[in-house]
Structure formats: structure tokens, C-alpha cells
Trainee: 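Questions regarding the structure given below will be posed in turn.
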2 protein chains.
Amino acid sequence: MQIKFKLWLEENGGVAFAEGRRMLLEAVDRLGSLNAAAKELGMSYRAAWGKIKATEKALGIRLLDVTTGGKGGGGATLTAEARELILKYKKFSDRMTSLMEKEFRHIFVSTKQ
Amino acid sequence: MQIKFKLWLEENGGVAFAEGRRMLLEAVDRLGSLNAAAKELGMSYRAAWGKIKATEKALGIRLLDVTTGGKGGGGATLTAEARELILKYKKFSDRMTSLMEKEFRHIFVSTKQ
DNA sequence: TCACATTATGCCTTAAACGACATAACGATG
DNA sequence: CATCGTTATGTCGTTTAAGGCATAATGTGA
């Protein structure tokens, strides 16, 4: 038996940000393009773009600075708000994962009764 | 912006227990019948029974002692294993909820940068 | 032995999340 | 000014999970 959990940020009852979107943004940061990031994560550009837009709408911030045209057709880079969001989310998520496992062991494994 | 999370116990990759099943078992304990418990939670008997069975199969334990016939048609009461599971789950869940909110405030609200 | 309220279970329908397809717009570069 | 690879977006199909319908089985009490 093992514990699993999923956490996400909400705004007005809708999912605003979670693990998948964090990975997506990190890939964009690394690759300089939303299209390339989507490919790397094995999802369609359409799906990736939709998630970004959903977060932008929910939180009322822009996540990407985009350009079209030029050598390579264009690209996308992270805004300062996006970087801050990633940082905080990662910090929070890592901390929760650690606490979760520790508490789980404490209550479900070592504890008798 | 607020944090949300869902946690559940898994066994062999399948959901074994989570909040909904805890509420269901607690209702059975209070009402003495799975049918009555399902009604109270606004779900069909079929759905409630299916969840109980799924947990029993996943964890390899019995959750309910059942009888049929007699005054009232029968009923169900919790096994000792069911009570233990509820207790541990509640303890764990409550602790996580508390930690989650505290950490969330710490990282997303009060922290600057 | 009949009635009744419960447990027990197969099966089909429906809802909703998710991703894919198609198509437009953009604009620096050559 | 044509090309190319990107961003942008509506729409539609598919898969999967959740729930409901129908029906059997149980066994005590009247």
C-alpha cells in the first residue's frame, strides 16, 4: 500500500496550475519554443497551447513572451511571472512530497493501532 | 488563488481508498446499512457497493459484516479492519490538510520573491 | 409461505476530460 | 515578395470514468 497525491492551484474553481504545466513551462524555457516543448513532452501543440492559455486566463497573468517569423519561425520565452510561479510551485510541491511520505510512514507503517 | 489537493491510497496501481469511501464507511457505521448510507450521500446503492467492493479487493480485507432478511431487511456494520483504516486515513488526511495550508501560506502568500 | 427491505451484480448509458485534425495568421529572412 | 516554422484557435472524435437501470438472491418475521 502506498500513498498518492495530486495538488494544484485553483482560481475561481478552475485548475490554474499543476505539475504538467510546470513541466511544460520548464521545457519552453529550455528549448525556446512552445512547439518544441510540446513535442518533447509527447503532446500536441494544441494541447500545450491550451494549457498555457487556461493558466493565463485563470491567474490573469501572461506566461510567455512570443515572437513569430524570422529564422526558425519564431519562439517563446518565459515571463518573469512564469518564472516566479514555477519557482514557488516547485518549492511547495517538493516540500509536500517530502512531508507526505514522512507522515505516511509514521501513521500507516510504524504506528501500531 | 488557493491550493487544492487530493490524496488516496493505492495498491497495485489501482485506487484503494480515499475521501469518498471514508465518508461512505462512516455513514454505514452511523446508519447500520449500506443502502441508507448511499442515500444519505446522494449516490446510488450500486455505486456505493462498487466502491466498497473495489477497496476490499484492492486491499485484500473485508470492510463490512452484512446480513440479509429480518426486520428491516438486513444491514451492514463495519469490520475491525474498516475501523482501523478509517482512523488512520482520517489522521493522515487531517494532518496533511493542516500542513498543506500552512506551507501554502508560507510560500505563496507571506514570502516575497 | 408470502412479503419486504436489504445485499449482490451484470450491463448499458451518459458525462466529461483529453487529444487530434484542420486551418489561419504572423513576420523576419533570403 | 515568397518561404518557412512558429504561434493561434475552432471543432470534432475518442477514450475512460462515473452513474443508473434492471434483476437476482437472501432470510427473518408475520
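Please read these numbers as outputs of a predicted model, since none were measured by experiment. Numbered from 1 within each chain, the chains take letters A, B, ... in sequence-line order.
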Trainee: Mind calculating the distance between CG (B:Leu31) and P (C:dT6) to the nearest angstrom?
Mentor: 11 Å
Trainee: Does the side chain of A:Leu7 reach to within under 4.5 Å of the side chain of B:Ile3, using non-hydrogen atoms?
Mentor: yes
Trainee: If each of A:Thr68 and A:Gly42 is mapped to the nucleotide of DNA chain C with the nearest heavy atom, which maps nearer the 5' terminus, i.e. the 5' end?
Mentor: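 Its nearest nucleotide being more 5', the pick is A:Gly42.
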Trainee: To the nearest Å, how far apart are B:Leu63 CG and C:dA8 P?
Mentor: 12 Å
Trainee: Mind running salt bridge (charged side-chain N to carboxylate O under 4.0 Å, His left out) on B:Arg62 and B:Glu56 for me, showing each step along the way?
Mentor: CA-CA 5 Å; B:Arg62 281 190 318 110; B:Glu56 287 186 334; 5.9 Å; no
Trainee: Nearest whole Å is fine: how far is D:dA18 C1' from B:Arg21 CZ?
Mentor: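 In whole Å, D:dA18 C1' and B:Arg21 CZ are 12 Å from each other.
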Trainee: For the side chain of B:Arg46, starting at C-beta, report the closest nucleotide among C:dT9, D:dT7, C:dC21.
Mentor: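 Closest nucleotide among those given: C:dT9.
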Trainee: Please determine whether a side-chain nitrogen or oxygen atom of A:Trp49 lies at a distance below 4.0 Å from atom OP1 or OP2 of D:dT7.
Mentor: no
Trainee: Counting any heavy atom closer than 4.0 Å, what does B:Leu34 reach on the DNA or RNA strands: base, sugar-phosphate only, or nothing?
Mentor: sugar-phosphate
Trainee: Consider the side chain of A:Tyr45, meaning its heavy atoms from C-beta on, and name the nucleotide among C:dT7, D:dT9, C:dG19 that approaches it most closely.
Mentor: D:dT9
Trainee: In whole angstroms, how far is the C1' atom of C:dG19 from the CG atom of A:Leu24?
Mentor: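 So the two atoms are 14 Å apart, to the nearest Å.
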Trainee: For B:Arg22, does the CZ atom have more than 12 heavy-atom neighbours from other residues, nucleotides or ligands under 6.0 Å away?
Mentor: yes
Trainee: How long is the line joining CD of A:Glu56 and P of D:dT9, in whole Å?
Mentor: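 A:Glu56 atom CD is separated from D:dT9 atom P by 10 Å.
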Trainee: Between B:Asn35 (CG) and D:dA25 (C1'), how many Å, whole number?
Mentor: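 Going from B:Asn35 (CG) to D:dA25 (C1'), I get 15 Å.
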Trainee: Which comes earlier along DNA chain C counting from the 5' end, the contact point of A:Gly70 or that of A:Lys51, where each point is its nearest nucleotide?
Mentor: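 Counting from the 5' end, the first nearest nucleotide belongs to A:Lys51.
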Trainee: For DNA chain D, whose closest nucleotide is more 5', that of B:Met43 or that of A:Lys53?
Mentor: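 Checking each residue's closest nucleotide, the 5'-ward one belongs to A:Lys53.
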Trainee: Could you state the CG-P distance from B:Asp65 to D:dG27, rounded to the nearest angstrom?
Mentor: 15 Å
Trainee: Hey, does B:Lys57 have a side-chain heavy atom less than 4.5 Å from the side chain of B:Lys53?
Mentor: no
Trainee: Has A:Ser44 got a side-chain N or O lying under 4.0 Å from the OP1 or OP2 atom of C:dA20?
Mentor: yes
Trainee: Check whether any side-chain N or O of A:Ser33 sits under 4.0 Å from OP1 or OP2 of D:dT7, and answer yes or no.
Mentor: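 True: A:Ser33 side-chain N/O within range (under 4.0 Å) of D:dT7 OP1/OP2.
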Trainee: Starting at atom CG of A:Leu41, determine the distance to atom P of C:dG19, rounded to an integer number of angstrom.
Mentor: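 From A:Leu41 CG to C:dG19 P: 11 Å.
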Trainee: Do you reckon A:Trp49 sits in the same ILVMFWY cluster as A:Ile61, going by side-chain contacts under 4.5 Å, direct or chained?
Mentor: yes
